[in-house]
2 protein chains.
Amino acid sequence: MINQSIDEVDLRILECLLEDAQRSHKEIGQLVHLTGQAVGARVRKLQDAGVIEGYTLRWNPDKIGLTVHAFLIIFMKSNTAHQSFIAFAKSREEVAEVHRVSGEGCYWMRVRLRSGAELNAFLEQLLQHANYRLSLSIETIK
Amino acid sequence: MINQSIDEVDLRILECLLEDAQRSHKEIGQLVHLTGQAVGARVRKLQDAGVIEGYTLRWNPDKIGLTVHAFLIIFMKSNTAHQSFIAFAKSREEVAEVHRVSGEGCYWMRVRLRSGAELNAFLEQLLQHANYRLSLSIETIK
DNA sequence: GGAATTAACTTTCACGGTGAAAGGAAACGG
DNA sequence: CCGTTTCCTTTCACCGTGAAAGTTAATTCC
């Protein structure tokens, strides 16, 4: 069992860090009634267990000019195209996220771009590997 | 112009922190040829500008039992249902992300759940507000 | 029952990252 | 040529952090 060693205190620490990963262990400790050092030990345990994979930023791509935010459902043109599509997706930094999915299409993908022109150019290249259905994000609700 | 005050050094710092937000300013400074304090000042500037919104974790929901990862395309049943759907989506902690989109459907949404049974229960409640098309993530490619 | 063991916590301590403050260099404008 | 602004470095004091050692409680074994 994977969860055997993860209790509710660990979960509260996790939630706390998800909200703000810069909170000090001491501050978190006050919420869960532990010393900062004990919190530190639990955080290390969560890292070792692979629950916490790393630390990163919540940020706003819009503010550096990445104003286009698109979701793509990908359909393969042939059974042999998977590898080339995956290689393409991994190599392009516009591609923020890719998942193999069941249901609608074969893959689901998120991209961020600077403009409609860039989107157009990107889609043209994507077409060499796969067909797609495009949704543009108009507003982030949550 | 928003970008006027953001230069390539800022972008390198941003990339650096996106990879690992725990890197010290001193360490980043060595990469961009600045002192740790100068890096700190730029990071603060990025925060004030709203580029950096906060600090959070990269983590693995799988490891705490959230094994079901689904994407949903949402279709409204009527023009008046939007508010109730948005309220529903915001209130449910299973819902990790929601966007208003153009193209296929009205909204796009990501949920994480513990099991097929939970997914079933969730979808039943969702149906009170909207129709949907479901894709399950089988594997994270990127 | 009592001794040994283990797990998880607290206390203490030294190191180093951080932000504030002050000083310096380069660019700009009258 | 001088004042101003901007961005940097240096210095310094504070505090968060992890390591180590000590404490407590629960478990196990004879």
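Per chain, numbering begins at 1; letters A, B, ... match sequence-line order. Everything numeric here is computed off the predicted structure, so don't read it as measured data.
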Engineer: Please tell me if T35(A) has a side-chain N or O lying less than 4.0 Å from either OP1 or OP2 of dC9(C).
Structural biologist: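 Negative; the distance criterion is not met.
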
Engineer: Between H33(B) (NE2) and dT9(D) (C1'), how many Å, whole number?
Structural biologist: 16 Å

Engineer: If you take all heavy atoms of G105(B) and I73(B), which pair is closest and at what distance?
Structural biologist: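 It is CA-CG2, 3.9 Å.
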
Engineer: Sort and list the pairs that fulfil salt bridge (Lys or Arg N to Asp or Glu O under 4.0 Å) and have at least one residue in residues 121-135 of chain A, not counting sequence neighbours.
Structural biologist: E104(A)-R133(A), R133(A)-E104(B)

Engineer: Just jot down the side chain to side chain donor-acceptor pair (under 3.5 Å) partners of Q47(A), sequence neighbours excluded, or say none.
Structural biologist: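 Residues passing side chain to side chain donor-acceptor pair (under 3.5 Å) with Q47(A): Y55(A).
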
Engineer: Look up atom OG1 in T56(A) and atom CZ in R58(B), then write down how far apart they are to the nearest 0.5 Å.
Structural biologist: 5.0 Å

Engineer: Q30(B) CD to dC8(D) P: how many Å, rounded?
Structural biologist: 17 Å

Engineer: For R42(A) and dA8(C), is the shortest distance between a side-chain N/O and OP1 or OP2 below 4.0 Å?
Structural biologist: no

Engineer: I'd like to check the side-chain contact (heavy atoms from CB on, under 4.5 Å) partners of L11(B); sequence neighbours left out, ordered by chain and number.
Structural biologist: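 L11(B) satisfies side-chain contact (heavy atoms from CB on, under 4.5 Å) with I64(A), I6(B), L14(B) only.
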
Engineer: My understanding is that only residues two or more places apart in sequence, or in another chain, count here; which of them pass side-chain contact (heavy atoms from CB on, under 4.5 Å) with T35(B)?
Structural biologist: Q37(B), A38(B)

Engineer: For R23(B) and C16(B), indicate whether the former's side chain and the latter's backbone hold a donor-acceptor pair under 3.5 Å.
Structural biologist: yes

Engineer: What is the per-nucleotide protein-contact pattern of nucleotides 12-26 of chain D, from the 5' end, where B denotes a base atom under 4.0 Å from a protein heavy atom, S denotes such proximity for sugar-phosphate atoms only, and - denotes neither?
Structural biologist: ----SSBB-------

Engineer: Given axes from five pairs at either end, by how many degrees does the helix from dG1(C)-dC30(D) to dG30(C)-dC1(D) bend, rounded to 10°?
Structural biologist: 20°

Engineer: Please list, pair by pair, any protein nitrogen or oxygen found under 3.5 Å from a nitrogen or oxygen in nucleotides 22-27 of chain C.
Structural biologist:
none

Engineer: Go through the structure and list residues passing side-chain contact (heavy atoms from CB on, under 4.5 Å) with V101(B), not counting sequence neighbours.
Structural biologist: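 Per chain and number, V101(B) pairs via side-chain contact (heavy atoms from CB on, under 4.5 Å) with F71(A), S135(A), H99(B), W108(B).
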
Engineer: Taking NZ from K45(A) and P from dA7(C), how many angstroms apart are they, rounded to a whole number?
Structural biologist: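 Going from NZ in K45(A) over to P in dA7(C) covers 12 Å.
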
Engineer: Rounded to the nearest 0.5 Å, how far apart are CG of L46(A) and CG of L17(A)?
Structural biologist: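 Answer rounded to 0.5 Å: 8.5 Å.
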
Engineer: Anything under 3.5 Å between a donor and an acceptor, one on a side chain of residues 74-88 of chain B, the other on a protein residue two or more places apart or in another chain? List them.
Structural biologist:
unit_1: K77(B); atom_1: NZ; unit_2: L127(B); atom_2: O; d: 2.3
unit_1: S78(B); atom_1: OG; unit_2: T80(B); atom_2: N; d: 3.3
unit_1: S78(B); atom_1: OG; unit_2: T80(B); atom_2: OG1; d: 3.0
unit_1: H82(B); atom_1: ND1; unit_2: Y107(B); atom_2: OH; d: 2.8
unit_1: S84(B); atom_1: OG; unit_2: A81(B); atom_2: O; d: 3.2

Engineer: L136(A), V98(B): one ILVMFWY side-chain cluster at the under-4.5 Å cut-off?
Structural biologist: no

Engineer: Between atom CG in L34(B) and atom P in dT18(C), what is the gap in whole Å?
Structural biologist: 14 Å

Engineer: Listing request: all side chain to side chain donor-acceptor pair (under 3.5 Å) pairs with a residue in residues 85-94 of chain B, at least two apart in sequence or in separate chains.
Structural biologist: R92(B)-E94(B), R92(B)-Q125(B)

Engineer: Go through residues 50-60 of chain A and report each residue with a non-hydrogen atom lying under 4.0 Å from DNA chain C, sorted by number.
Structural biologist: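 Within residues 50-60 of chain A, no residue comes under 4.0 Å of DNA chain C.
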
Engineer: Does any pair with a residue in residues 24-33 of chain B pass side chain to side chain donor-acceptor pair (under 3.5 Å), and if so which ones, sequence neighbours excluded?
Structural biologist: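 Qualifying pairs: none.
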
